[in-house]
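Below, chains carry the letters A, B, ... as their sequence lines are ordered, and counting in each starts from 1. Side chains are part of it too, since the values below use all heavy atoms of this structure and drop only hydrogens, waters and symmetry mates.
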Number of protein chains: 2
Amino acid sequence: MLKNSEFVSKLRNSGLRPTKQRLKICEVLFNRDKTFHFTINDLAKNISENFNKKISLATIYNTVHAFKDKGYLKEITISSDKSYFDTNITKHHHFYDEDTNLLIDCNDNEIGKVNIKNNITGKKISSVEVLVRVASDTQNQN
Amino acid sequence: MLKNSEFVSKLRNSGLRPTKQRLKICEVLFNRDKTFHFTINDLAKNISENFNKKISLATIYNTVHAFKDKGYLKEITISSDKSYFDTNITKHHHFYDEDTNLLIDCNDNEIGKVNIKNNITGKKISSVEVLVRVASDTQNQN
DNA sequence: AATTTATATTATAATCATTCTAAACTGTTG
DNA sequence: CAACAGTTTAGAATGATTATAATATAAATT
Ligand SMILES: [Mn+2]
Ligand SMILES: [Mn+2]
Ligand SMILES: [Zn+2]
Ligand SMILES: [Zn+2]
C-alpha cells in the first residue's frame with residue numbers, strides 16, 4: 001500500500017529514473033495488501049487490460065529484470081517452461097499446485113527450518129529454497 | 001553398469017522400441033558407475049563427439065522426454081535458462097554451485113528431512129525438493 | 001520370408017519467449 | 001532552455017524447443 005511519491009523515491013534511491021512506465025508497474029506490483037506471484041505474461045495482460053496507455057513488452061521485460069536486480073522481486077523457477085516472479089522478497093518456501101499451476105507461499109508453521117548439516121567446502125550458502133509440489137488426491141493414484 | 005541386452009528389455013518393458021539411437025543414449029546415460037546431471041546440449045555434444053553415426057537433435061529431445069515420462073530421468077530446473085536432467089531418480093536434494101554452474105547431489109548427511117507440518121487441504125504431496133545455492137566466499141560480499 | 005502396420009528417425013521449418021537494435025523520447029541537471 | 005544520460009519503443013534477431021511430413025526401421029501378421 002505505497003503511494004506514488006514513495007515509488008518515486010524508491011526508484012530514485014536505486015538509480016532508476018521514475019518514468020511513467022515504471023511507476024505504473026510499481027503500482028500494479030506493489031500497491032497491494034498482499035504479495036503475489038506473477039509471470040511476465042500475467043503482468044503484460046494486467047497492464048494492457050487496466051491502463052489506457054500501452055507499455056511495450058520490451059519495457060515490461062526490462063523493468064521486471066531491473067526490479068529483480070535491485071532486489072524488489074524474486075524469480076521462482078518451477079519448470080523449464082514456467083518462471084514466476086514474486087513480490088514477497090523475504091526468505092520463504094513454496095507449494096506448487098500442479099492442478100491449478102498456482103504458487104502458494106509457505107509460512108513457518110507449514111515447513112520447518114531446513115537443516116543443512118554439511119555445506120560444500122569453501123562455499124557460502126546464498127539461498128535455500130524448498131518447493132513442495134502438490135496435486136489433488138485423484139491424480140497420481142495409479 | 002547395465003548391458004545392452006538389459007537396455008533392450010528395459011525399453012521393451014516401457015513400450016519403447018529398442019532402436020539404435022535409444023540404445024546409444026541409454027549407454028551414454030546409464031552405463032556408468034555414478035549418476036550424473038546433464039543438459040540436452042551436454043548430451044548432444046557427448047554423442048556427436050563419441051559416436052560415428054549422428055543422432056538427430058529432434059531424436060535426442062524426443063528420447064530424453066520419453067525417458068523422463070517413463071521415470072528413467074528427472075528434470076531439475078535451476079533457473080529459467082537452465083534445465084538439467086538427472087539420472088539419479090531417487091528422492092534427493094541439490095546444491096547448485098553458482099560459480100561453476102554445477103549441480104551436486106545432497107546425501108541425507110548433508111540435508112535433514114524437511115518437516116512439512118501442514119499441507120494444502122485436499123492435496124497430496126508429489127515431491128519435496130530443496131535447492132541450496134552456493135557461491136564462493138568472495139562473491140556476494142559487498 | 002514377404003507383407004503389412006505401427007513406431008521412430010530425420011532434416012527442416014515453425015514457434016515463441018526473450019533479447020537486441022537503434023531511433024525517438026523523457027527525466028535530470030545546470 | 002540546452003545538453004546529456006537514461007529510457008522507451010517497434011520491430012528484428014536469436015535460440016531453444018517443438019512440429020511436420022517424408023523416409024526408415026521394428027514388430028506383427030500372413
Ligand atoms: Mn529472466
Ligand atoms: Mn522439456
Ligand atoms: Zn512466494
Ligand atoms: Zn541429482
Could you give the CD-to-C1' distance, from E75(A) to dA17(C), as a whole number of Å?
13 Å

Contact list for residues 40-60 of chain A, test side chain to side chain donor-acceptor pair (under 3.5 Å), sequence neighbours left out
T39(A)-D42(A), N46(A)-N50(A)

Can you tell me how far C1' of dT26(C) sits from CG of N62(A), to the nearest Å?
16 Å

Using atom CG of N41(A) as one end and atom C1' of dT18(C) as the other, report the distance to the nearest whole Å.
12 Å

Does one side chain, of S80(A) or E75(B), offer a donor that lies under 3.5 Å from an acceptor on the other?
yes

Pairing donors with acceptors under 3.5 angstrom, does anything connect the side chains of S126(A) and E98(B)?
yes

Atom CD1 of I60(A) and atom P of dA17(C) are separated, to the nearest Å, by 14 Å

Which whole-number value in Å describes the distance from Y84(B) OH to dT17(D) C1'?
18 Å

Is K123(B) salt-bridged to D99(A), cutoff N-O under 4.0 Å?
yes

With R32(A) as the cation and F30(A) as the aromatic partner, state whether NZ or CZ is under 6.0 Å from the six-membered ring centre and within 45° of the axis.
no

Partners of N101(A) by side-chain hydrogen bond (donor to acceptor under 3.5 Å, both in side chains), sequence neighbours excluded?
Y96(A)

Residues from residues 11-25 of chain A lying under 4.0 Å of DNA chain C - heavy atoms:
R12(A), R17(A), P18(A), K20(A)

For residues 11-20 of chain B, which side-chain N or O atoms pair as donor and acceptor with protein atoms under 3.5 Å away, sequence neighbours left out?
unit_1, atom_1, unit_2, atom_2, d
N13(B), ND2, S9(B), O, 3.2
S14(B), OG, K10(B), O, 2.6
S14(B), OG, L11(B), O, 3.4
S14(B), OG, Y72(B), OH, 2.7
T19(B), OG1, R22(B), N, 3.2

Rounded to whole Å, NZ of K82(A) lies from P of dC16(C) at a distance of 14 Å

I40(A) side chain reached by Y61(A) side chain, heavy atoms, under 4.5 Å:
yes

Terminal axes of the helix from dA1(C)-dT30(D) to dG30(C)-dC1(D) (5 end pairs apiece), angle rounded to 10 degrees, sit apart by 20°

Side chain of T63(B) only, heavy atoms from C-beta on: which candidate in dT9(C), dT8(D), dT19(C) is closest?
dT9(C)

When rounded to whole Å, the CD1 to P distance for the pair I40(B) and dT17(D) reads 6 Å

I want to check one thing: is the phosphate of dT18(C), taken as OP1 and OP2, less than 4.0 Å away from some side-chain N or O of H65(A)?
no

With a 4.0 Å heavy-atom cut-off, tell me which residues in residues 42-58 of chain A come close to DNA chain D, sorted by residue number.
K53(A), K54(A), I55(A), S56(A), A58(A)

Testing the 3.5 Å rule here: is there a donor-acceptor pair between the side chains of H92(A) and D86(A)?
yes

Mind checking whether V114(A) and I116(A) have side chains closer than 4.5 Å, heavy atoms only?
yes

Side chain proximity check, L29(A) to L43(A), heavy atoms < 4.5 angstrom:
yes

